[in-house]
Amino acid sequence: MLCLGIETSCDETAAAVVRDGRVALSDVVSTQIDIHRRWGGVIPELASRNHVLQVMPVIDEALKRAQVWLGDLDVIAVTSGPGLQGALLVGLQVAKSLSLASGVPLVGVNHLEGHLLAIRLAADAPEPPFLGLVVSGGHTTLYEVPAFGTYLKLGSTRDDAAGEAYDKVARLLGLPYPGGQPIDELAQQGDPKAIAFPRALKSHEILDWSFSGLKTAVLHHVQTHGLPTGQALADVCASFQEAVADALTKKVMLGAKKAGATQLVLCGGVAANSRLRALAQERADEAGLKLYLPPKRLCTDNGAMIAVAGAEAFRRGVRSELSLNAEPSWRL
Ligand code: KG4
Ligand code: ZN
């Protein structure tokens, strides 16, 4: 079964062909990071315009690399939400046109379901039930997954997503957008205990996160001590990173205990973070949980994860009409 996945929800134009929901035959990502970097964040209008330019070449390349022709496909999957409305509409319009022209069925996919199922492209992937933490630029949510297609929200951020905190802290430290990777790299040289940044919502009764206070604490640190450079900058990055990884993993372990889970998946862009991966492994081992970490390139946005989720939904009988519309705030 061959599925073409198309992703244009934010600032990556991506397409991939996946076989049997498990094997990526191609996975093409055209990033707009350089376009948005000078503004310090994603400009929706620029994102839409660039998706229009990139979407057909990216799809052509994905089909070519997979050595697949449109008519060979069994299903076309496209992200229909959540994300930027104008950006989503570009992928949707192309997917609908290809489906109409070829007669290949169409399936609209939730971007977060794509993140949760990206692990299925790895050789070692869990079957449900498992717990999945989606931790990205727009989302920080813990789901219980009793079966494919059923996603129960256990906890979520009350304000900023973890990736958003990374991006905002990077900005106030004068680091490039997106901030995750530069902070991660600088943190390698820093002392995670140098600054005691706060952990919010520490109560064991609460399964939610809050990262806006942490961001403000970094701002106050910079206002008090000046913009850090050299070792001081590395220490701020390491201490901030430790606070994020500590908060994320503590609550995930709490959720796992409450849900009686035995398997855990981390996914989304922040799941590429080196400290989060290491601490999650440490705490999962302590708790006797089997941890699944997608390779880093499957953590950030890509078309293969949309193809996997689309193939899985198609197998369950899900089909979308040509009236399929963008759902910018679609909750999983
Ligand atoms: O999943 P993704 O590509 O897009 C969304 O769906 O949001 O995630 C992007 C986010 C950005 O906020 C970026 O700073 C963060 O993932 N990120 C990281 C790392 N790599 C990317 N955060 C921490 N450490 C990293 N190594
Ligand atoms: Zn994403």
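Bear in mind the structure is a predicted one, so any value in this text is a computation, not a measurement. As the structure lists them, so they are numbered: ligands from 1, and atoms in each ligand from 1.
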Handout entry: Carboxylate-amine/guanidinium proximity below 4.0 Å for Glu113 and Arg316
Key = yes

Exercise for the section: Before signing off on this row, confirm whether Asp301 and ligand 1 have an N or O atom pair separated by under 3.5 Å. Expected result: yes

Exercise for the section: Verify the distance criterion only: is there a donor paired with an acceptor across the side chains of Gln241 and Tyr166 at less than 3.5 Å? Expected result: yes

Completion exercise
Taking the Zn ion (ligand 2) as the apex, OD1 on Asp301 and NE2 on His111 give an angle, to 10°, of 100°

Problem - Distance from atom 24 (N) of ligand 1 to nearest protein heavy atom, with residue and atom - result: Asn273 ND2, 3.0 Å

Problem - ligand 1 N/O within reach of Gly268 N/O, cut-off under 3.5 Å - result: no

Practice task
Tell me yes or no: between the side chains of Ser274 and Asp184, is some donor less than 3.5 Å from an acceptor?
Solution key: yes

Handout entry: Test item, Cys10 contacting ligand 1 (heavy atom, 4.0 angstrom)
Key = no

Handout entry: Ile76 CD1 to Ile306 CD1 distance, which is reported to the nearest 0.5 Å
Key = 14.5 Å

Practice task
Determine, using heavy atoms of His139 and all atoms of ligand 1, whether some pair is separated by less than 4.0 Å.
Solution key: no

Exercise for the section: Indicate yes or no: does an N/O atom of Tyr166 lie under 3.5 Å from an N/O atom of ligand 1? Expected result: no

Problem - His115, portion touching ligand 1 at heavy-atom distance under 4.0 Å - result: side chain

Practice task
Check each atom of ligand 1 against the heavy atoms of Gly179 and keep those under 4.0 Å away; list them by number with element.
Solution key: 14 (O)

Exercise for the section: Please determine if Gly163 has a nitrogen or oxygen closer than 3.5 Å to a nitrogen or oxygen of ligand 1. Expected result: yes

Handout entry: Check: Ser274 N/O within less than 3.5 Å of ligand 1 N/O
Key = no

Problem - Salt-bridge contact Arg283-Asp246 (side-chain N to carboxylate O under 4.0 Å) - result: yes

Problem - Cationic N near anionic O, under 4.0 Å, Lys215 to Asp159 - result: no

Handout entry: For atom 26 (N) of ligand 1, the protein heavy atom that lies nearest, with its residue and separation
Key = Asp184 OD2, 2.9 Å

Problem - Charged tip of Lys290 within 45° of Tyr292 ring normal and under 6.0 Å - result: yes

Practice task
Give yes or no for whether the N/O distance cutoff of 3.5 Å, strictly under, is met between Thr300 and ligand 1.
Solution key: no

Completion exercise
Of Thr31, Val135, Asp167, the one whose closest heavy atom lies nearest atom 13 (C) of ligand 1 is Asp167

Problem - Nearest neighbour of atom 7 (O) of ligand 1 from the list Gly180, Ala162, Gly137, on a heavy-atom basis - result: Gly137

Exercise for the section: Among all protein heavy atoms, pick out the one at the shortest distance from atom 20 (N) of ligand 1; state its residue, atom name and that distance to 0.1 Å. Expected result: Gly269 O, 3.5 Å

Handout entry: N-O pairing of Arg22 and Glu312 below 4.0 Å
Key = no

Practice task
Could you pull out the atom name of the N/O/S atom in His115 that is nearest the Zn ion (ligand 2)?
Solution key: NE2

Exercise for the section: For Asp160 and Ser212, test the side chains for any donor-to-acceptor distance below 3.5 angstrom and give the result as yes or no. Expected result: no

Exercise for the section: Report yes or no: does His111 have a heavy atom closer than 4.0 Å to ligand 1? Expected result: yes

Practice task
Could you grab the distance from atom CD of Glu282 to atom CZ of Arg277, nearest 0.5 Å is fine?
Solution key: 15.0 Å

Handout entry: Nearest-0.5 Å distance that lies between atom CD in Gln181 and atom NZ in Lys296
Key = 8.0 Å

Handout entry: Heteroatom N/O/S of Cys10 within less than 2.8 Å of the Zn ion (ligand 2)
Key = no

